[in-house]
Every structure is written in structure tokens, then in C-alpha cells.
Number of protein chains: 2
Amino acid sequence: MATIYEVAALAGVSPATVSRVFNGLTVSEEKQRAVRDAATKLAFVPNRTARRLRKQSSELVALLIPDIENPFFTALARGVEDRAQASGFSVVLCNTDEDPAKEKRYLGIAASEQMAGVILAPASDEVDLGSIAELGRPVVAVDRTTPYPVDAVKVDNRAAGIAAATALFDQGYRRIACIAGPAGIETTEDRFLGWRQVVTARKTVTHDGYLQHANFRVDGGRAAMTALLALDTPPDAVVTTNNLMAVGALQALAAAGIAPAEFGLAVVGELPFLTFAPASVVEVRLPARHLGTTAASMLLERIAGDTTPPRTVVLRAEVKTPEL
Amino acid sequence: MATIYEVAALAGVSPATVSRVFNGLTVSEEKQRAVRDAATKLAFVPNRTARRLRKQSSELVALLIPDIENPFFTALARGVEDRAQASGFSVVLCNTDEDPAKEKRYLGIAASEQMAGVILAPASDEVDLGSIAELGRPVVAVDRTTPYPVDAVKVDNRAAGIAAATALFDQGYRRIACIAGPAGIETTEDRFLGWRQVVTARKTVTHDGYLQHANFRVDGGRAAMTALLALDTPPDAVVTTNNLMAVGALQALAAAGIAPAEFGLAVVGELPFLTFAPASVVEVRLPARHLGTTAASMLLERIAGDTTPPRTVVLRAEVKTPEL
DNA sequence: GTGAAAGCGCTAACAG
DNA sequence: CTGTTAGCGCTTTCAC
């Protein structure tokens, strides 16, 4: 791999001039051409590591997501990527696997790699932004918020939960259960509160077992739905607080031989890769990609030097009631 | 951010000793403790950029995939990640979006970032591994192969195509169509050849329109299936050569009011996030995650210094016939 | 407009 | 076992 010294020698200029050419600084037409010619001849590619060591920053942003196999987060990632690429930044995606330890590790890497900033979908509410914050590197929280004074982009989860439960109520269901995520996680907690608000206000039938806490994945939703169906007074509809759990719930329903039409289902999120039209399923769609582009925009502004106080942007979900 | 010099000063040793401590080289117990204490006191984190510039390599591997929203590739990514993490390497995921230009760009970044190696699921058959190969950095191709002499991990696509078509034949279908991916892409081409081999050998009914080329995504599969259904002699079954196109095909079937049972469907790949048990769908499951772990293992061996000639590992798909 | 020179923080000889 | 020293390749004053 050629260096600026070799290019400089071949072009008959100083290394500084080569650097200037590649950074768009003022260099005479003549030498500029000489440098470019020499560079192509040597297949010169600037060494980013050296540049970074010198400049103490890079055009790389880290995106930390808790589950790379969840379409919600991959859509979000697409959003971040699209926005970042447009500004010449590259995105490095890291899967924290809902594991605070992995998250901490990647955060450390982002810091010690001199990345320009990080967009974080926190794995838990006990994130440690200490190391990265000390460096003054911008951080934007997305989907979930953090106790730190950093920018954040989230959705109105409470409203989403309300919309989901209300839609089921409007369809005539009166025994509406809720499959929530792990206790203590903000997004799911708020969605569940939305559900509770509706069932309380509408005075629908309730039951101790109507609130199920499950892990955020397909198997969690399946187990929770199975438990619901085994109750002495089973619900006639359910709100699931994320996309994957809805898939699991539908699987359990199918396994029990219950057609979607005779059991109401509302999901906060989008059912991924749907292959049939489930007439009775309500989706409260989360703007995953938009969440990503917004977070990226905020991060890029910070990187560009914006020092206004941290902002929190709240996006709204879009209810998609079934076409009957 | 503290440097080894500050740590050295505080611990009363030389910078070299600090470096040795952090690299596990032999240092007396006593100084070792002194260094560690000083390091914690200063919240010292080694600067990877500097280390990299010096060592000309890092513990980062790049993984380039063509579609981050395709569960096949995210599963593959999980495999790579699991294996890499186990060896202390971190994975940087880049989405090439099936775009040779983006692919080239990320390849350049991987090279100029001094990444230890790259695992590439090529976006097209015209990859340019020139820059990265010149540097002698190991590359492993996964899923699809390349014209370059590098390690590769793939599946026996021909066999997968044969298995898919055969399963449909065995179920009694005699007008078996095929929805293939874009022409010229190796994986889909081989799967399609497998299908053709079967329909030819078994002398099933054929028709000019029974071979559809579509893009690799859901909408491609939907359009292709719609076209098939519009034929004067429509098929009674179809082989789709990837997962997403199968989703689209099922959507088209549903839209046409055709139940899965009266139309045979075999997919090379796995139907993601299935919410019902489609009795007549045959999945020829691709070992996505295993593909990832295998590729990562090979890459790590190369990074460790293995210089044996390039190998190509071929994994087999697993046929999952429906439980009737 | 251009060159010389001083580092960015770390590692790897080389002495001792 | 440990300190000294010389870079890795680039950017950036500071002179000219």
C-alpha cells in the first residue's frame, strides 16, 4: 500500500501537498494533476488509521442494536445507513444481543476507535455511557431512552398501546389481554400502560392472567399466548407489545386451531413477511426506518458541532386497521 | 482520554512497560499492579487507532452482506459474530444493498481501515477484490463465490434445487414452475438448474412461462407468481429459489384466493416468521448460521497465518417436508 | 502556494 | 525484566 511519501516522490512534490490535494485544499492546478496521476499509478489509498490518529476522529458512526434478527431493528438500521451515507459517513453495525456486557464492550470499542459518534438502541435501562460521554463524542439514543442527557428519538409508546387496545375494543372484543415484554423495559412498559388505560377506562373484563410478561422474541409470544388460552376464562383478544411476540402469538393460535378471525389480535409493530391477509389483525406500525433517519440526522448535526441542549424527538405510530 | 505516557508517569514506569502489561507480556507482579492501578485511576483505555497504525492490523473483521433486511443474511451474520467474538474479534457489518458500487466502497474502507479480514457475500459476480487482495488481507466468500482465488463457503445449490422440485413431484404435482432470481447470479442459477434437471428427467408438463426471473425480494416473488397464475395453463406448483420470493409468491396465492394446499410450493431457504403451518410448503432449509460460523472460522485461520491453498467448503441444505 | 518538521498514541527492536 | 528510541502514515502549524 502506497503512502503519501511515495506519491509525493513520484509527483515531485512534498507529502504535505499530496495531503492537501486529497483534502481539497488549495493547490495549483499543475501540481494537483501531477499528484493525482502519481496516486492512480501507485493505486494510492489514504490510510484512514493514520489520518484518524492525527485528527482524532473519523467518518464512521457506530449503530448498536439489541437484535439484528428483528426486522424492526434492521429497518431502523437501513434508515441510519441511508442518512449517514448521504453525508459521506459509513455505518458500523454492532449487535448487542440484548446483553449489557456486549453493549458495554462495543461502546468501548466505538470510543477507542475514535468513531465520530454512536447511535444506540439501549439493551437495558442500565447503559453505561460514561466512557463515551467523557470523550465528548455525541450519542443519540433511539427507540429506548437513557438516564443520560443525550439526544433521543422514540415513538409515543403509550399512544401506540392505547391505539392497539382501542382498535380491538372498537371491533367488539371485551376480554382483551396483553402480552408485554420483559418488565422494566421502557418501550414495552409504556405500551402496556396504554393497554391498561384502555381496558380500565372501558371497563372490559379483566383477569389476573390477562397480563403476560414474556421475552421479546417469538418463543416468548408463543408461550404467553399458550398460557392465555389455558386460563379458565380465556381472553377473546390480545395486544402484543412487539412484532416478534405477535408472530409467536399467532403460532400458538394456529396450533390451537383458532382462526385469526375468532380471536382479536393487535400488535404494536409490524408483522414481518406476512404471507396471508389476517383480517382481524390490527397493526400499530412503528416508523422504524424513520426512527433511524431521524437519529442519524441528529447525530450528524452534533458531529458538525451543534451544542444546543439535548432534544428528545417523539414520533407517532400509524394505526393500520384491517380492511374488512 | 489518558495515554500510556500518563499512566507510565503515574505508575513510575516506562511507557513500554505499560504497553507490555496491556499486551500480556512478562512484567513483574509489582509493576504490573502499579500500572493497573494507575490505569484504573486515569480511566485509561488503549487507543486502538494508534495501536493499529503501529501494528498494521486490528481485531476487526468486516462482513459485507447484500441485504440486511433478509433474515437469511442476518442469520448468517449471527453465525459470523458468534464465532468471531469467541476469538476476541469484533464484527463490523456493512450492507452493500446488492450494489457493486457500495460493495466496492466498503471493500476499500475495510482495506484502508486495516481490518484483519473480510467475509463477503458478493453482491454481483463482478466483485473487485483487487485492492484488498493486494494488501494480502484474507477474504472469505460466503454464499456466492468469486473469480478470485480465495476461500469460499457455499451450499450445494443444485442439490437444493433438485430436492425442492423432487419433493413437489413426490407430492403428486405435475406442472411445476420455477421462480428464479435475477439471471447471472450463481446461487439462483444453480437452484434453477436443479429444478430444470428434475422437470426434464421426470417429464412433467412444461410451458414457456414456467420459468420466471424476478428480483430477489418479496415484490419480485409476488409479481412472478401473479404472472404464473395468469398463464393459459397455469402451473400447479412452484419452486422459489429464495426465501423472500416465496413470501411474495404466497401473498399472490392468497390474493388469488388459492389455499396453499391446492397449490404446491417449495422454497429453497426458510420461510421467515411463519405464523401458520402451511401443510403443503416444502422448505429446503439453508444452513445460514452455519455458513457464517464456517466462514468466520476459515477467516480466523487465515488471519492466524494459515497459508494453505484456498479451499471451498460446500454445506448441504436440509429438506423439511411438511408433516401431513 | 508550498515545504519542513513536529507530533497523534502505540509497539517493537535493541540495549542494558 | 525494563527503559530508550524510532517509527507506523497522516495532518497541520509555521516559515518561506
Side-chain angles (χ1 to χ4, degrees), chain A residues 1-36 38-39 42-60 108-109 111-116 131 134-137, chain B residues 1-36 38-39 42-60 108-109 111-116 131 134-137:
Chain A
M1 204 140 188
T3 72
I4 50 170
Y5 289 94
E6 307 174 42
V7 174
L10 184 59
V13 300
S14 78
T17 299
V18 178
S19 171
R20 290 190 184 106
V21 169
F22 279 88
N23 287 292
L25 301 181
T26 46
V27 171
S28 73
E29 273 298 326
E30 190 186 5
K31 306 212 165 187
Q32 198 152 146
R33 207 170 28 254
V35 168
R36 295 210 183 282
L42 296 171
F44 168 75
V45 179
N47 182 319
R48 292 168 166 252
T49 305
R51 161 185 304 203
R52 196 134 102 203
L53 177 59
R54 184 57 229 247
K55 307 225 309 181
Q56 307 281 7
S57 94
S58 66
E59 299 73 46
L60 235 43
I109 291 180
S112 90
E113 288 280 351
Q114 260 90 40
M115 300 213 187
S131 56
E134 274 168 24
L135 269 87
R137 295 250 181 263
Chain B
M1 204 143 187
T3 73
I4 51 170
Y5 288 94
E6 307 174 43
V7 175
L10 184 59
V13 300
S14 77
T17 299
V18 178
S19 170
R20 288 186 185 109
V21 169
F22 279 89
N23 287 292
L25 301 181
T26 46
V27 171
S28 73
E29 273 297 325
E30 190 185 4
K31 306 211 165 189
Q32 197 150 149
R33 205 170 29 253
V35 168
R36 294 210 184 281
L42 297 171
F44 168 74
V45 180
N47 182 320
R48 292 168 167 253
T49 305
R51 161 186 306 204
R52 197 135 103 202
L53 177 59
R54 184 58 230 248
K55 307 224 309 181
Q56 308 280 10
S57 94
S58 66
E59 299 74 45
L60 235 43
I109 291 181
S112 94
E113 288 281 352
Q114 260 89 41
M115 300 214 188
S131 57
E134 274 168 24
L135 268 87
R137 295 251 180 261

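Chain identifiers are assigned alphabetically (A, B, ...) following the order of the sequence lines, protein sequences preceding nucleic acid strands; residue numbering begins at 1 within each chain.
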Shortest non-hydrogen contact between A:S58 and A:M115, atoms and distance: OG-CA, 3.5 Å
Sequence-aligned protein contact record of nucleotides 8-16 of chain D, with B where the base is within under 4.0 Å of a protein heavy atom and S where only the sugar-phosphate is: BBBBBB---
B:T49 versus A:Q114, side-chain donor and acceptor atoms under 3.5 Å: yes
Short side-chain N/O contact from B:S14 to OP1 or OP2 of D:dT2, under 4.0 Å: no
A:F44 side, atom CZ; A:R36 side, atom CZ - distance, nearest 0.5 Å: 11.0 Å
Atom of A:V7, atom of A:A39 and distance for their closest heavy-atom approach: CG1-N, 4.0 Å
Shortest non-hydrogen contact between B:F22 and B:P46, atoms and distance: CD2-CG, 4.1 Å
CZ on A:R52 to OG on B:S112, rounded to 0.5 Å: 8.5 Å
Gap separating the CD1 atom of B:I4 from the CG atom of B:L42, nearest 0.5 angstrom: 12.5 Å
Chain B footprint on DNA chain C, 5' to 3' - any atom under 4.0 Å from a heavy atom: C:dG9 to C:dA13
Least distance between heavy atoms, A:E59 atom then A:R48 atom: OE1-NH1, 4.2 Å
